[in-house]
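Below you'll find the structure, written out as structure tokens, and then a few comments.
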Amino acid sequence: MNYRSQLHHARGKGSGKSGTHHWWMQRLTALALVPLSIWMVVAMAGVMSEGIYETYFWFVSPLNVAGAIMFIIALFYHLQLGMQVVVEDYVHHPKVKMFGLIKLKLGTWFLAIIAIVMVIRLHFVTEKLFS
Amino acid sequence: MRSPNDRPLSPHLGIYRWQWTMLFSIMHRVSGVALSVGAVYLVVWLGTLQFPYVYSTFFYVHSGILGKLILIGFTTATFFHLFNGIRHLIWDTGAWLDLPQAERSAYFVLGATLIAVLLVWVPLFV
């Protein structure tokens with residue numbers, strides 16, 4: 001018996017290599033965000049209820065900084081994949097759609113890297129301040 | 001080949017009776033878009049932290065009722081998207097896919113969201 005699909009059945013139906021990559025990465029980042037987002041919400045609520053001093057003190061701990069960076073990476077990766085689907089679903093004009101996707105892809109990288117650098121900077125500033 | 005304009009359309013949203021499963025599907029996307037705004041807000045938050053004087057203003061604004069309402073909104077969207085996302089992950093394993101289970105898990109998501117938001121915010125008000 002021949003288990004291989006006929007080429008004419010497979011043509012025009014999309015990639016056979018990376019077709020599940022979007023789906024898989026969305027699930028993987030979702031899984032990472034389950035503990036990370038709960039932890040982040042609790043941390044943010046904590047510093048907001050305590051005060052300005054406590055907010056800065058939060059960044060002294062390398063564990064907090066590492067967790068925050070993991071959260072930022074998972075968040076913006078997940079955001080990029082999710083918003084990509086939203087743009088693809090609702091923007092029908094080909095040019096507007098393409099520009100939208102380019103802005104989204106570059107914008108999420110831009111924001112994520114800026115956020116990571118700001119977190120690292122806060123760590124070194126506060127580490128010096130509180131030592 | 002037919003042009004895209006004269007292809008038959010599948011029945012649109014308007015003809016369906018409202019159901020919990022449908023509402024939660026839409027809400028998942030709406031909360032996701034809202035949380036994208038929230039992510040930008042988070043970057044702004046980190047930006048204000050770079051300058052203590054600016055952050056003191058940011059902090060002051062969010063100790064007021066309007067600032068708190070914004071954060072309560074983002075917290076609610078976070079927990080809804082989180083719990084409904086877990087529901088989606090469970091579906092991905094093949095479980096809970098039939099209609100009564102899908103509806104029951106929707107109630108569970110609603111309850112868990114309300115409890116989680118209260119758990120985070122009630123201590124901040126008392």
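Residue numbers begin at 1 in each chain, while the letters A, B, ... track the order of the sequences. Any value given below was found using the heavy atoms of this structure, including those in side chains, with hydrogens, waters and symmetry copies removed.
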Check whether more than 12 heavy atoms from other residues, nucleotides or ligands sit under 6.0 Å from atom CE of A/Met98, and answer yes or no. no
Count the heavy-atom pairs under 4.5 Å between each of B/His88, B/His62, B/Arg29 and chain A, then report the option with the highest count. B/Arg29
Set of side-chain contact (heavy atoms from CB on, under 4.5 Å) partners for B/Leu35, sequence neighbours left out: B/Ala77, B/Thr78, B/His81
Cluster overlap B/Tyr41 with A/Phe76, hydrophobic side-chain contacts below 4.5 Å: yes
Please classify the contact of A/Arg27 with chain B as side chain, backbone, both or neither, using a heavy-atom distance under 4.5 Å. both
A/Leu111 portion near chain B, given a 4.5 angstrom heavy-atom threshold: both
Which members of residues 102-113 of chain B, sorted by number, sit under 4.5 angstrom from chain A on a heavy-atom basis? none
Heaviest contributor of heavy-atom pairs below 4.5 Å to chain B, chosen from A/Gly51, A/Ser49, A/Gly46, A/Ala115, is A/Gly51
Are B/Phe51 and A/Ile120 grouped together when hydrophobic residues (ILVMFWY) are joined by side-chain heavy atoms under 4.5 angstrom apart? no
Can you get from A/Met25 to B/Leu89 by hopping between Ile, Leu, Val, Met, Phe, Trp and Tyr side chains that sit under 4.5 Å apart? no
Heavy-atom pair with the smallest gap, counting every atom of A/Val47 and B/Phe59: O-CE1, 3.6 Å
Chain A contact via B/Tyr60 - which portion, at a heavy-atom distance below 4.5 Å: neither
Do A/Met44 and B/Leu71 pass the side chain to side chain contact (heavy atoms under 4.5 Å, CB included) test, and can you show the C-alpha distance, the side-chain angles, and the key distance before you say yes or no? CA-CA 10 Å; A/Met44 285 192 280; B/Leu71 296 182; over 6 Å; no
Quick check: closest heavy atoms across B/Ser36 and A/Leu79, and the distance to 0.1 Å? OG-CG, 3.5 Å
Please give me the minimum heavy-atom distance between B/Leu124 and A/Ala45, naming the atom from each residue. CD2-O, 3.7 Å
Quick one: do A/Met40 and B/Leu42 satisfy side chain to side chain contact (heavy atoms under 4.5 Å, CB included)? Show the steps, please. CA-CA 11 Å; A/Met40 208 64 228; B/Leu42 185 69; 5.6 Å; no
Output for pair (A/Leu33 CG, B/Leu82 CG), nearest 0.5 Å, gives 8.5 Å
Contact class of B/Leu46 relative to chain A, heavy atoms under 4.5 angstrom: both
Looking at A/Leu31, A/Ile114, A/Thr55, which one has more heavy-atom pairs under 4.5 Å with chain B than the rest? A/Thr55
Should the heavy atoms of other residues, nucleotides or ligands under 6.0 Å from CG of B/Leu66 be counted, would the total exceed 12? no
Test side chain to side chain contact (heavy atoms under 4.5 Å, CB included) on A/Val41 and B/Phe74 and set out the steps. CA-CA 10 Å; A/Val41 166; B/Phe74 283 139; over 6 Å; no
Under a single-linkage definition using a 4.5 Å side-chain heavy-atom cutoff for Ile, Leu, Val, Met, Phe, Trp and Tyr, are B/Leu23 and B/Trp91 assigned to the same hydrophobic cluster? yes
For atom NZ of A/Lys105, decide whether the heavy atoms of other residues, nucleotides or ligands shown that lie under 6.0 angstrom number more than 12. yes
Answer yes or no: are there more than 12 heavy-atom neighbours, outside A/Phe99 itself, under 6.0 Å from its atom CZ? no
Chain B heavy atoms under 4.5 Å from A/Met48: which part of the residue, side chain, backbone, both or neither? both
Mark yes when over 12 heavy atoms from residues, nucleotides or ligands other than A/Trp24 sit less than 6.0 Å from its CH2; otherwise mark no. no
Are B/Val33 and B/Phe80 joined in one hydrophobic group, where the rule is that I, L, V, M, F, W and Y side chains link up if heavy atoms are under 4.5 Å apart? yes
Which atom names give the shortest non-hydrogen contact between B/Val43 and A/Met118, and what distance separates them? O-CE, 3.3 Å
B/Ala39 versus A/Leu75, closest heavy-atom pair with distance: CB-CD2, 3.8 Å
Cut-off 4.5 Å, heavy atoms of chain B, and the answer for A/Phe71 is side chain
Output yes when a side-chain donor or acceptor of A/Tyr56 lies under 3.5 Å from a complementary backbone atom of B/Leu49, and no otherwise. yes
